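Note that the structure is a prediction, hence the values are computed from the model and not measured. A, B, ... follow the sequence lines: proteins, then strands. Residue 1 opens every chain.
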There are 2 protein chains.
Amino acid sequence: MVIDCGHCPLRKRDVFEPLSDEEVEFMRRFKIGELKVDAGATVLMEGSNSPQLFSVLSGLGLRYKLLPNGRRQVVNFVFPGSFLGLQAGVMGEMKHSVEATSAMVLCVFNRTDLWNFFKLQPTRAYDLTWLAAMEEHFMGEALTSIGQMNAMQRMCWGLMRYATRCSDLGINDRDRYPFPFRQQDLADALGLSLVHTNKTLMKLREQGDLSLGDGVMVLHHPDRMKDRSLLPVGSPNRRPLI
Amino acid sequence: MVIDCGHCPLRKRDVFEPLSDEEVEFMRRFKIGELKVDAGATVLMEGSNSPQLFSVLSGLGLRYKLLPNGRRQVVNFVFPGSFLGLQAGVMGEMKHSVEATSAMVLCVFNRTDLWNFFKLQPTRAYDLTWLAAMEEHFMGEALTSIGQMNAMQRMCWGLMRYATRCSDLGINDRDRYPFPFRQQDLADALGLSLVHTNKTLMKLREQGDLSLGDGVMVLHHPDRMKDRSLLPVGSPNRRPLI
DNA sequence: CGGAAGCTTGACGTCTATCAAGATGTGTGG
DNA sequence: CCACACATCTTGATAGACGTCAAGCTTCCG
């Protein structure tokens with residue numbers, strides 16, 4: 001019982017550009033199956049050359065790079081609607097790994113069919129470029145955050161950015177957001193040590209701005225956190241869904 | 001006397017994917033002129049909505065984001081062959097600024113013609129996506145560097161990455177590389193203060209690994225610097241030229 | 001019950017930012 | 001030609017943010 005692209009639950013969200021009937025039909029042929037993985041699973045591995053591409057239907061995860069000395073940088077979070085494997089599809093191999101931090105359902109595509117986007121479905125190809133440019137933009141924001149902000153600012157910015165993406169997708173309940181990550185994950189994303197991440201979180205808790213634990217984050221004063229962010233956290237208009 | 005795409009000097013470099021005659025002809029029609037700017041000029045500004053796209057023919061520059069508090073993050077360096085303005089072309093507006101740090105010559109294109117890539121020239125559209133994915137990759141590397149390395153490691157990694165790109169383009173002379181940047185630019189790129197950047201450079205100079213000044217960088221012991229980099233600095237195979 | 005994984009807290013050290021001042025070079029105007 | 005402002009680089013002193021080390025706590029699971 002694989003979900004038909006015509007009834008893709010993500011398409012209901014209006015963060016995503018609507019698709020024409022023709023495009024939906026094309027995606028239907030492009031999709032070759034679904035992959036369900038448990039929390040903790042590695043979906044794609046750095047250096048690998050997976051013949052498959054994925055689009056996230058549900059679940060959360062993260063992309064990260066490992067360093068020779070064992071450290072790890074989380075380069076960004078993976079949400080429903082994220083497209084995985086483009087790098088391997090276009091360059092030779094994956095330049096980072098992707099891990100599921102909750103159970104996930106992924107649409108599976110054939111990497112070799114990617115070319116059909118460009119040959120047969122220029123609007124979809126355009127969307128692909130759009131997505132790539134958008135990812136680049138997000139990454140530039142993260143770079144700016146890590147390069148120029150102190151721990152508290154990074155934390156507030158990072159969590160607000162995360163909350164905003166959740167809101168776009170409607171996977172939150174008011175101020176309650178799913179948060180299937182360890183503090184270590186957060187630390188690796190923000191370029192902080194685990195201990196300092198913990199202490200920074202504590203401060204936010206003590207001030208009553210935040211609850212975090214058991215897979216859930218609650219923002220009691222999003223306004224205050226936004227003020228501390230330095231970088232404004234905007235919802236980019238719309239994005240394409242692949 | 002505008003350079004004809006058929007005789008583009010960059011195409012001689014074998015870092016760039018070769019183009020078919022048809023593609024060259026297409027690019028010729030796409031190109032609407034050339035822009036020459038002096039060192040210090042702002043080519044694109046954050047928040048702007050330029051109707052033009054650019055491809056760098058010669059010269060060096062940098063992309064940066066400004067923060068409300070006046071700080072600045074250099075998100076990457078601009079080399080010959082860099083494509084500028086894709087973000088504005090595909091999202092609504094530029095998310096960073098681009099500044100020329102040396103004199104530059106740019107090919108100018110019409111943003112509204114971008115769609116022709118997808119409609120008429122799928123191989124070129126594919127290359128565009130390729131480029132975007134590659135930029136994303138570079139940015140992920142930089143993020144990892146700033147997030148996980150100390151000052152000396154970042155410096156070595158950053159300079160080696162820079163030198164490698166120069167070598168790919170053949171704009172170096174052995175171990176001598178053009179370097180039209182201030183220490184402040186380097187500092188903003190590495191997420192370090194100006195003072196600490198200066199002192200880190202000093203250490204490299206004292207150890208005889210590096211000369212830097214007057215627009216020129218000389219690497220006397222690239223091997224030693226590579227060792228201190230933590231992240232291996234590889235030349236990615238080939239990239240498309242737009 | 002023992003062990004592993006994750007969270008929490010305190011103590012300590014150090015890397016890096018900030019402040020301040022001086023040195024050098026370059027361009028402009030008198 | 002000199003005086004002056006300005007930009008960039010340099011260097012030392014000081015302080016603080018953040019990393020590292022270490023230990024204890026909880027929860028979960030075999």
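Put simply, Gln183(A) has a side-chain N or O that comes within less than 4.0 Å of OP1 or OP2 on dT8(C).
Rounded to an integer number of Å, the gap from Asp214(B) CG to dC9(D) P is 10 Å. One can place CG of Leu212(B) at 15 Å from P of dT8(D), the figure rounded to the nearest angstrom. Note: CG (Asn198(A)) to P (dG19(D)) measures 13 Å, nearest angstrom. Atoms CE (Met202(A)) and P (dG10(C)) sit 10 Å apart, rounded to a whole Å.
Val78(B) pairs with exactly one of Leu60(B), Val98(B), Leu106(B) by the side chain to side chain contact (heavy atoms under 4.5 Å, CB included) rule, that one being Val98(B).
Between the CG atom of Leu53(A) and the CD1 atom of Ile242(A) there is a distance of 10.0 Å, given to the nearest 0.5 Å.
Remark: the Asn76(A) side chain and the Arg161(A) side chain contain no N/O donor-acceptor pair separated by less than 3.5 Å.
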For nucleotides 17-20 of chain C, print each protein N/O atom paired with a nucleotide N/O atom at under 3.5 Å, atom names and distance only.
residue: dA17(C); atom: OP1; partner: Ser193(B); partner atom: N; Å: 3.2
residue: dA17(C); atom: OP2; partner: Ser193(B); partner atom: N; Å: 3.1
residue: dA17(C); atom: OP2; partner: Ser193(B); partner atom: OG; Å: 3.0

Please list, one pair per line, the donor and acceptor atoms closer than 3.5 Å that link side chains of residues 144-152 of chain B to other protein atoms, with sequence neighbours excluded.
residue: Thr144(B); atom: OG1; partner: Gly140(B); partner atom: O; Å: 2.8
residue: Gln148(B); atom: OE1; partner: Arg71(A); partner atom: NE; Å: 3.1
residue: Gln148(B); atom: OE1; partner: Arg71(A); partner atom: NH2; Å: 3.3
residue: Gln148(B); atom: NE2; partner: Arg72(A); partner atom: O; Å: 2.9
residue: Gln148(B); atom: NE2; partner: Gln73(A); partner atom: OE1; Å: 2.7
residue: Asn150(B); atom: OD1; partner: Met152(B); partner atom: N; Å: 3.3
residue: Asn150(B); atom: OD1; partner: Gln153(B); partner atom: N; Å: 3.0

Name every donor-acceptor pair, under 3.5 Å, that has one atom in a side chain of residues 214-221 of chain A and the other anywhere in the protein, sequence neighbours excluded.
residue: His220(A); atom: NE2; partner: Ser211(A); partner atom: OG; Å: 3.4

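Ring geometry for Phe77(B) versus Phe181(B): interplanar angle over 60°, hence perpendicular rather than tilted (30 to 60°).
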